[in-house]
Amino acid sequence: MENIRNSALFYQYKSYIHQMKILVVDDEKDVQVLFEQRFRKEIRNKEMEFAFAYSGEDALTYLNQLHEAVLILSDINMPGMSGLELLRHIKEKHHQPPPVVMMITAYGDAENYNTAMKLGADDFLTKPLEFSLLKEKLKAIQ
């Protein structure tokens, strides 16, 4: 057993199972490039893995296909299903284990904040995102 624990394969597997899987939901497609640039080191070190959905409907499809997400970062204002509607669906249907859901909006108004918190959001961030703050929050969850 000790030989297995010291093998490179064990460490690769161990890092894989501790990798945080994050689903980013935003209708702006340039968000993917931005996240991949800002989290380049974490992605390369296999600390975090990102998936991207460009609508609330796409996010639900992704989650319903048994893809695992430990954390979901969702924009609130999107055409079609809003981020708040997506949040409601996630909290109603995906609770084993429940993903952490952080809402992101360019409008940091009290109404969106209160609605998001009532629906079960774990955090509320405003655009433009402060990536250093977001990294701190993500590392605290790991």
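The figures that follow rest on heavy atoms only: side chains count, while hydrogens, waters and symmetry mates do not.
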(request) Under the ring-ring contact (aromatic ring centres under 6.0 Å, His included) rule, collect the residues that match up with F124, sequence neighbours excluded. (result)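 Listed in chain order: Y113.
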
(message) Taking ring-ring contact (aromatic ring centres under 6.0 Å, His included) as the definition, give me every residue that meets it alongside Y62, ordered by chain and number, with sequence neighbours left out.
(response)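 Checked Y62 against ring-ring contact (aromatic ring centres under 6.0 Å, His included); matches are H67.
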
Apply side-chain contact (heavy atoms from CB on, under 4.5 Å) to [X] and list each qualifying residue two or more places apart in sequence or on a separate chain.
{"X": "A69", "result": "L23, L63, I72"}
{"X": "N114", "result": "A110"}
{"X": "K41", "result": "R44, N45"}

(request) Please step through side-chain contact (heavy atoms from CB on, under 4.5 Å) for the pair I104 and D26, ending with a clear verdict. (result) CA-CA 9 Å; I104 303 170; D26 197 314; 5.6 Å; no

(message) Please check: side-chain N/O of Q32 versus main-chain N/O of K29, any donor-acceptor pairing under 3.5 Å?
(response)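 No, the answer is negative, given that no donor and acceptor are paired below the 3.5 Å cut-off.
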
(request) Determine yes or no for a side-chain-to-main-chain donor-acceptor pair under 3.5 angstrom, with D122 supplying the side chain and V101 the backbone. (result)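 Judged by distance alone, yes, a pair lies under 3.5 Å.
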
(message) Can you list everything that forms a salt bridge (charged side-chain N to carboxylate O under 4.0 Å, His left out) with D27? Sequence neighbours excluded, please.
(response)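 With sequence neighbours excluded, D27 shows a salt bridge (charged side-chain N to carboxylate O under 4.0 Å, His left out) to no residue whatsoever.
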
(request) Provide the full list of salt bridge (Lys or Arg N to Asp or Glu O under 4.0 Å) pairs with a residue in residues 71-83, sequence neighbours left out, each pair given once. (result)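 Output for this query lists D75-K127.
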
Holding to side chain to side chain donor-acceptor pair (under 3.5 Å), I want the full list of residues that pass it with [X], two or more places apart in sequence or in another chain.
{"X": "T115", "value": "none"}
{"X": "E28", "value": "none"}
{"X": "D109", "value": "N112"}
{"X": "K118", "value": "none"}

Shortest non-hydrogen contact from [X] to [Y]?
{"X": "V25", "Y": "A59", "answer": "CG2-CB, 3.6 Å"}
{"X": "M81", "Y": "E57", "answer": "N-OE2, 3.0 Å"}
{"X": "A121", "Y": "M117", "answer": "O-SD, 3.6 Å"}
{"X": "I141", "Y": "M20", "answer": "CG2-CE, 3.6 Å"}

(message) Distance check, rounded to the nearest 0.5 Å: F35 atom CZ versus I22 atom CD1?
(response)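 F35 CZ to I22 CD1: 8.0 Å, rounded to 0.5 Å.
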
(request) Give, for atom CG of L84 and atom CD1 of I76, the distance between the pair rounded to the nearest 0.5 Å. (result)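 Atom-to-atom, L84:CG and I76:CD1 are 4.5 Å apart.
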
(message) Less than 4.5 Å apart, side chain to side chain, heavy atoms only: is that true for L119 and M103?
(response)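 Counting from C-beta outward, L119 and M103 never come under 4.5 Å.
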
(request) Examine L73 and Y107 and state if one hydrophobic cluster contains both, with Ile, Leu, Val, Met, Phe, Trp and Tyr joined whenever side-chain heavy atoms are less than 4.5 Å apart. (result)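 Hydrophobic grouping puts L73 apart from Y107.
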
(message) I'd like to know whether I90 forms a side-chain contact (heavy atoms from CB on, under 4.5 Å) with L86, so could you lay out the CA-CA distance, the side-chain angles of the two residues, the decisive distance to 0.1 Å, and finally the verdict.
(response) CA-CA 6 Å; I90 290 168; L86 173 62; 3.7 Å; yes

With a 3.5 Å cut-off and sequence neighbours excluded, list the donor-acceptor pairs that the side chains of residues 130-138 form with protein atoms.
{"residue": "K135", "atom": "NZ", "partner": "R38", "partner atom": "O", "Å": "2.7"}
{"residue": "K137", "atom": "NZ", "partner": "D123", "partner atom": "OD2", "Å": "2.7"}

